[in-house]
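Counting starts at 1 for both ligands and their atoms, in listed order. Both backbone and side-chain heavy atoms feed into the values below; hydrogens, waters and symmetry mates do not.
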Amino acid sequence: MRIQKILKQQEVEREVKVQGWIRTRRDTGTFSFLEVNDGSCLANLQVIADQNLANYDLEVRKLGAGCSVEIRGKLQESPAKGQEVELASEEITVLGWADPETYPLQKKRHSLEFLRSMSHLRPRTNALGAVTRVRSHLSFAVHRFFQERGFAQIHTPIITTSDCEGAGEMFQVSATGEKSPFFGRPAGLTVSGQLQAEVYAQALGQVYTFGPTFRAENSNTSRHLAEFWMIEPEVAFCDLACNMELATDMLKFLLRDVLTACADDLALFDKFIEKGLLKKLHAVIDNDFVHIPYTRAVEELSAVSGEFEYPVKWGIDLQSEHERYLTEVIYKCPVIVTDYPASIKPFYMRLSEDEKTVAAMDILVPGIGEIVGGSQREERYDVLVQRMTEAGIDTSEYDWYLDLRRYGSVPHSGFGLGFERLVQFVTGMANIREVIPFPRTPGYAPC
Ligand code: ATP
Ligand code: MN
């Protein structure tokens with residue numbers, strides 16, 4: 001039986017079998033306490049191992065952190081503080097030993113940097129186990145959010161021949177020893193499923209993709225990975241306002257959901273990782289997001305220009321320091337910045353009447369900066385062709401994309417939510433490498 005269920009049901013007198021890993025052993029004169037964790041929840045199960053057990057001296061007294069065991073016994077009320085039930089063991093089978101001389105996870109708290117050097121063992125720690133459960137729960141909640149609203153999930157390709165964002169950031173894909181391109185032309189790993197999601201939005205109306213995304217960005221920041229997961233909804237008959245509403249509803253839904261479902265894990269983060277985390281999350285749920293046009297944001301930031309490494313003026317792309325200043329210092333809540341200069345945004349964003357800005361929106365949150373990037377898409381054939389030409393894109397490569405504007409074009413919009421940035425925000429983890437099981441960054445991809 002899983003420990004989570006045992007602690008939830010608290011049925012004393014019940015016979016159970018538990019399997020897990022020892023966290024600690026403490027001996028008294030006539031018996032030992034074992035703390036066992038099986039990963040189902042943060043809490044350990046306390047096990048009483050009496051000296052009358054057949055293997056007490058030979059094995060039980062040698063158990064230490066990391067050993068795997070199977071335990072049969074009866075649940076009983078615990079006299080000690082801190083838990084309601086404990087397991088009076090009747091049989092303890094050692095499944096796997098862990099040499100205390102070499103097992104790296106001893107009882108003391110290890111730094112997250114140290115744990116990062118062993119992505120194969122770190123999920124056995126409280127913090128990384130909790131991150132993993134929260135991440136899994138959030139992933140499921142993402143699907144629930146969209147499925148309940150009638151969105152169809154689209155499995156957009158991982159190997160692609162169209163580079164949507166920026167040519168420099170792609171990983172190339174080729175077959176071992178290939179003589180000519182396997183796909184007949186250069187191919188790479190996807191940097192975004194958006195363009196393909198647009199195809200399906202203009203047939204099924206409301207769609208989303210949730211899959212791995214690859215960017216060869218050679219920047220070692222606490223918010224960038226070379227392989228990350230992205231959630232990209234795309235909605236037909238939906239303008240920028242509708243897009244912002246969807247993103248806001250989604251973020252609030254996910255936070256509300258995880259706060260109840262993962263209460264114990266979040267309490268751990270609130271205590272040890274980011275003080276005030278729960279308050280921060282509740283504030284996001286309870287308050288409206290601030291909406292400001294880029295031009296206004298630039299004015300606000302110019303007034304405090306001395307604060308920044310990169311000076312602010314109209315036309316620049318906002319740097320992380322600017323984004324964070326807006327959301328952390330000026331507004332102290334999530335901020336949606338809209339209407340960015342066309343010159344710094346991709347060709348597919350819809351050109352506004354001023355012909356200087358596009359119908360874009362980024363959502364900025366405290367501690368992270370940009371968590372969502374989205375826009376209304378250019379649905380007018382002529383304008384799109386002109387924007388592509390200006391951007392130096394060979395339109396013949398995008399015939400399929402232009403066809404969507406030739407045949408039954410509709411206003412539509414969508415956004416990309418970086419899943420790891422969401423998990424960072426929810427767990428308070430300062431470094432994105434903590435919230436994905438096996439991070440890939442420049443120079444680093446061990447297992
Ligand atoms: P940034 O300016 O932070 O690099 P971006 O403008 O490149 O972000 P988009 O192309 O709009 O981001 O991608 C949508 C979302 O994907 C971002 O809002 C962010 O949450 C996430 N994201 C982008 N790049 C990465 C990355 N390298 N690692 C993890 N998440 C990322
Ligand atoms: Mn980027």
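- Contact annotation: for Glu420 versus ligand 1, there are no heavy atoms closer than 4.0 Å.
- With a 6.0 Å cutoff to the six-membered ring centre and a 45° limit on the axis angle, Arg116 does not count as a cation-pi contact of Phe114.
- Close contacts of ligand 1 with Met230, meaning ligand atoms under 4.0 Å from a residue heavy atom, involve 13 (O), 14 (C), 15 (C), 16 (O).
- The residue among Glu232, Arg223, His224 with a heavy atom at the shortest distance from atom 4 (O) of ligand 1 is His224.
- Residue Val372 has at least one heavy-atom neighbour below 4.0 Å for each of these atoms of ligand 1: 18 (O).
- Between the choices Phe425, Phe228, Phe415, the shortest heavy-atom distance to atom 31 (C) of ligand 1 belongs to Phe228.
- A perpendicular orientation is assigned to the rings of Tyr398 and Phe347, their planes being inclined by more than 60° (bins at 30° and 60°).
- Taking all heavy atoms of Arg421, Lys345, Glu370 into account, the minimum distance to atom 6 (O) of ligand 1 is reached by Glu370.
- Salt bridge absent: Glu328 and Lys332 never bring a charged side-chain N and a carboxylate O closer than 4.0 Å.
- Within the listing of ligand 1, atoms 15 (C), 16 (O), 20 (O), 21 (C) sit less than 4.0 angstrom from a heavy atom of Gly418.
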For Gln319 and Glu323, what are the C-alpha separation, side-chain angles and deciding distance, and is it a side-chain hydrogen bond (donor to acceptor under 3.5 Å, both in side chains)?
-> CA-CA 6 Å; Gln319 301 292 318; Glu323 295 174 346; over 6 Å; no
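- The shortest N/O to N/O separation between Leu417 and ligand 1 does not fall below 3.5 Å.
- Donor-acceptor pairing under 3.5 Å is recorded for the side chains of Glu198 and His412.
- Counting heavy atoms closer than 4.0 Å to ligand 1, residue Arg215 contributes side-chain atoms (C-beta onward) but none from N, CA, C or O.
- A pairwise comparison of heavy atoms in Leu63 and Arg25 identifies O-NH1, 2.7 Å as the closest pair.
- Taking the six-membered ring for Trp and thresholds of 30 and 60 degrees, Phe146 and Tyr208 have nearly parallel ring planes, at less than 30 degrees apart.
- Backbone and side-chain nitrogen or oxygen atoms of Ile432 are examined, and none is located within less than 3.5 angstrom of a nitrogen or oxygen of ligand 1.
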